[in-house]
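Below is one structure, written out as structure tokens; the observations come after it.
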There are 2 protein chains.
Amino acid sequence: MTISDIARLAGVSKSTVSRVLTGSTPVREVLKSRVIKVIKKYNYSPNLAARSLSLKKTGTIGVILNLDPDYHFQDYVSMETLRGISVTATTSHIRLSIAIGSVASILPGIIAERSVDGVIIMGLRDGDIETLSPLSSDEVSPADTIPILLLNYSQEFKSYPSVAFSHEKDAYSLIRYLAGKGHKDIGIIECSPELIYIQNRKRGFLNAFKNLGMDFNDEWDIKINKVNENTAGKEAADYFLALQRRPTAIVASSDNIALSFMGRLLASGVKVPEDISIVGMDNIPISKYVHPALTTEVLDGFGRGKKACQMMCALINSEEIDDKHIFISSAIVERDSLLDIRTRKQRVYFLREKDGLYKG
Amino acid sequence: MTISDIARLAGVSKSTVSRVLTGSTPVREVLKSRVIKVIKKYNYSPNLAARSLSLKKTGTIGVILNLDPDYHFQDYVSMETLRGISVTATTSHIRLSIAIGSVASILPGIIAERSVDGVIIMGLRDGDIETLSPLSSDEVSPADTIPILLLNYSQEFKSYPSVAFSHEKDAYSLIRYLAGKGHKDIGIIECSPELIYIQNRKRGFLNAFKNLGMDFNDEWDIKINKVNENTAGKEAADYFLALQRRPTAIVASSDNIALSFMGRLLASGVKVPEDISIVGMDNIPISKYVHPALTTEVLDGFGRGKKACQMMCALINSEEIDDKHIFISSAIVERDSLLDIRTRKQRVYFLREKDGLYKG
DNA sequence: AATAGACTTGAAACCGGTTTCAAGTCTATA
DNA sequence: TATAGACTTGAAACCGGTTTCAAGTCTATT
């Protein structure tokens, strides 16, 4: 079923059918309704390839998950982001093309073949900047390139628009929050310290320590280069268990690390939160239901995806955008794995349905 | 940069450039190398829309995640499946277009606009069959439709090819395995009993009980209609805690349920596995690292995705396929949440790196 | 040396839409 | 009633590829 078939069946030219479809030019009511009837009858929808070719627009957004494709997704927040993008795209009748793998291997191809109108990149790393730069150099005419939107922010990438979590600010708030609960001795688990967001968080932590007049003990900052977050938690636990003097609270760079860290501590007879408080990040669903329930930072992945999709649509339509860089700030949800060491009271959380959020 | 530009720059006709690109017809070496040089120089790649229009093939596979888009992804295995599809597609130079939402609202559109060469549907439900059937009726000419591949299997859908887990057989094996550990009193948590795979599992369970001469106690079969698996676990725990006589082992329909169920039991002072053994399903990464480590059924999501992508490619190319229905069987990984009640010995698992698998 | 057959190549048609352009129709005004 | 201007519509060009078809060139055989 093509536009010519519809035209023939409705007794008009294909130009007229096209005008009815796009609404670009008014069509007499009598013809219009005749065309619509035929379209409905045969459930006709214009061929995407033909339309894209003519309009020089594909109606598709590309999403690159810049991950090692050989490893599991373990990343709840990324999946929530994807869901946010998808739901928003669907309501705008925009298609989504996704690819998992390195930006370097994926991006040049999709730009050359013009299969999408814009690209959203998740999880860009420092080294990947070299892949992007030739695309925005002076040699390339603007017509030969497409908008690129990043889902993380760094100084190095700041020429590209972004929708990212405000990790630095959030990390600062978290330390202030813990200090408010009486914690002065705070440890940090940094998993994959080469990741940009881990570095941003680190800056926030250090700033908070400095401004709050707290010591930052290097011995309590463990860096783990592990893709598998679960063994990272175990490794970190073994490290802290071996120390003479331990922090009263430990901040992990994800809930997965926090949970496996906590599992290992519990198995070793350490009491959480009585001996050590634990704070995670991500608010993965299970974190609310483990025992003790995990105190964690809530990252609104869905919101990030939604904003990203909206911003990408604006970029594609060359609309004015207010902010080139949008930041999504986190909240802290306090559950049982955190002890207030001034009162030595732990919250009894497990049965509650609703989380009380603290926005820093 | 278009094919005509390349042709002009190389001093040949665009037919010749096309022949160099597709390899459809031999081209003299001298011209060929001239064309290739120009293509390389300008990093040219044919426009996807134009190519699709001409070839009547998009080189794209559609994936529909038939989920309520308003709810979180919580499904590790589905994400692993997506990863399997993606990795396999990428190596075959095939694009992936994904959509999250109901089949009914998504499928007719993508078929009408011909934006993909085939569709893989995840999580089809019983009611959705009505959306599919008009597409395969006699009224529709074969040229107007595209291959559809399902990622779950049911009697009702069996006219469609599928790549699915062998839930019925696996459930049977699991009961036999538990019986081998001395468990005669086994409970079941069925979350969302309207789902096809839950029904398939149920059949396997019942068959096993019957064939092994074990009683199936209806009181120990709790059905929970909850989208949120975590509250489901809590609810199930409350139910079993209130019973006079409890089973010695409980099988949950996912790790998430098992973990929140276990969390609730532990918080109530019940010992796992001494009082109750727990078995999950999915083998989500964290299940290996909680305390006690969860015994669970391993579903090879990645493998399912890989097979699905391969099968879809075969369907698109109208190749002969050996089996219309491919089944991926699970394995059991035994960790600490399961007690052998003949010896009353629990395995000490937590520190082990490698899982010992049992294939039923 | 003539000719059949294989090989190579470019022109033109085609895929299915959108849009420009020009022609035809209708209405309003002088 | 003649004519300007607005409105409606179809023909044709175009988007950027692939493929058919026919013509030209080259080699091999008689």
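Here is how names work: the chains are called A, B, and so on, in the same order as the sequence lines, proteins then strands, and each is numbered from 1. Only a predicted model underlies this, so the values are computations on that prediction, with no experimental measurement involved.
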Atom-to-atom span, CD1 of A:I3 to C1' of C:dT18 - whole angstrom:
8 Å

Rounded to the nearest 0.5 Å, what separation is found between the CD1 atom of B:I196 and the CG atom of B:N152?
5.0 Å

Contact under 4.0 Å: B:Y44 side-chain N or O vs D:dG17 OP1/OP2
yes

With sugar-phosphate meaning primed atoms plus P, OP1 and OP2, does B:L31 contact a base, only sugar-phosphate, or nothing at under 4.0 Å between heavy atoms?
sugar-phosphate

Hey, which of these two, A:S4 or B:V12, hits DNA chain C nearer its 5' end, going by closest nucleotide?
B:V12

How long is the line joining CG of B:L21 and C1' of D:dG17, in whole Å?
10 Å

Name every donor-acceptor pair, under 3.5 Å, that has one atom in a side chain of residues 98-106 of chain B and the other anywhere in the protein, sequence neighbours excluded.
residue : atom : partner : partner atom : Å
B:S102  : OG   : B:S105  : N            : 3.2
B:S102  : OG   : B:S105  : OG           : 2.9
B:S105  : OG   : B:S102  : O            : 3.0

Just wondering, more than 12 heavy atoms not from B:K324 lying within 6.0 Å of its NZ?
yes

N/O-N/O pairs, protein side and nucleotides 12-15 of chain C side, under 3.5 Å:
residue : atom : partner : partner atom : Å
C:dC15  : O3'  : B:K56   : NZ           : 3.1

Indicate every side-chain donor-acceptor pair of residues 303-311 of chain A with a distance under 3.5 Å to a residue at least two apart or in another chain.
residue : atom : partner : partner atom : Å
A:R304  : NE   : A:T81   : OG1          : 3.3
A:R304  : NH1  : A:L151  : O            : 2.9
A:R304  : NH2  : A:T81   : OG1          : 3.0

Output a table of donor-acceptor pairs, distance under 3.5 Å, between side-chain atoms of residues 16-27 of chain A and any protein atom two or more places apart or on a different chain; print 'none' if there are none.
residue : atom : partner : partner atom : Å
A:T16   : OG1  : A:S13   : OG           : 3.3
A:T22   : OG1  : A:S18   : O            : 3.0
A:T22   : OG1  : A:S24   : N            : 3.2
A:T22   : OG1  : A:S24   : OG           : 3.1

Going by the rule side-chain contact (heavy atoms from CB on, under 4.5 Å), which residues pair with B:S115 if we only count those two or more places apart in sequence or in a different chain?
A:L48, A:R95, B:I110, B:E113

Could you tell me the separation between the CD atom of A:E113 and the P atom of D:dG17, rounded to a whole number of Å?
11 Å

Among C:dT19, D:dT19, C:dG10, the one nearest A:S18 by side-chain distance
C:dT19

With sequence neighbours excluded, what pairs up with B:Y153 under the ring-ring contact (aromatic ring centres under 6.0 Å, His included) test?
B:H325, B:F327

Would you write the dot-bracket representation of DNA chain C, where each base gets (, ), [, ], | or . depending on whether it forms a Watson-Crick or G-U pair under 3.5 Å and with which partner?
||||||||||||||||||||||||||||||

Tell me whether B:N317 contacts the main-chain N or O of B:E319 through its side chain, where contact means a donor paired with an acceptor under 3.5 Å.
no

Using the test side-chain contact (heavy atoms from CB on, under 4.5 Å), find all partners of B:S54 that sit at least two apart in sequence or belong to another chain.
none

In whole angstrom, what separates B:R51's CZ from D:dT18's C1'?
9 Å

With heavy atoms under 4.0 Å as the rule, sort A:S52 into base, sugar-phosphate or nothing.
nothing

In short, salt bridge (Lys or Arg N to Asp or Glu O under 4.0 Å) pairs touching residues 116-125 of chain B with sequence neighbours left out are B:R125-B:E194

A:K32 NZ: over 12 foreign heavy atoms closer than 6.0 Å
no

Counting only side-chain heavy atoms from C-beta out, which of C:dG10, D:dG16, D:dT18 sits nearest to B:N47?
D:dG16

Residues in residues 34-43 of chain A with a heavy atom under 4.0 Å of DNA chain C, by number, are none

Closest approach to the side chain of A:P26, judged atom by atom: which nucleotide of D:dT8, C:dG17, C:dT9 is it?
D:dT8

Can you measure A:R28 atom CZ to D:dG10 atom C1' for me and round it to whole angstrom units?
13 Å

Mark up nucleotides 21-28 of chain C, 5' to 3', with B wherever a protein heavy atom is under 4.0 angstrom from a base atom, S wherever such an atom reaches only the sugar-phosphate, and - elsewhere.
--------

Answer with base, sugar-phosphate or nothing: what part of the nucleic acid does B:V27 contact at a heavy-atom distance below 4.0 Å?
sugar-phosphate

Salt bridge (Lys or Arg N to Asp or Glu O under 4.0 Å) pairs, two or more places apart, involving residues 4-15 of chain A:
A:D5-A:R8

By the 4.0 Å heavy-atom rule, please label A:T16 as base, sugar-phosphate, or nothing.
sugar-phosphate

Under 3.5 Å donor-acceptor, B:S162 side chain and B:K158 backbone:
no

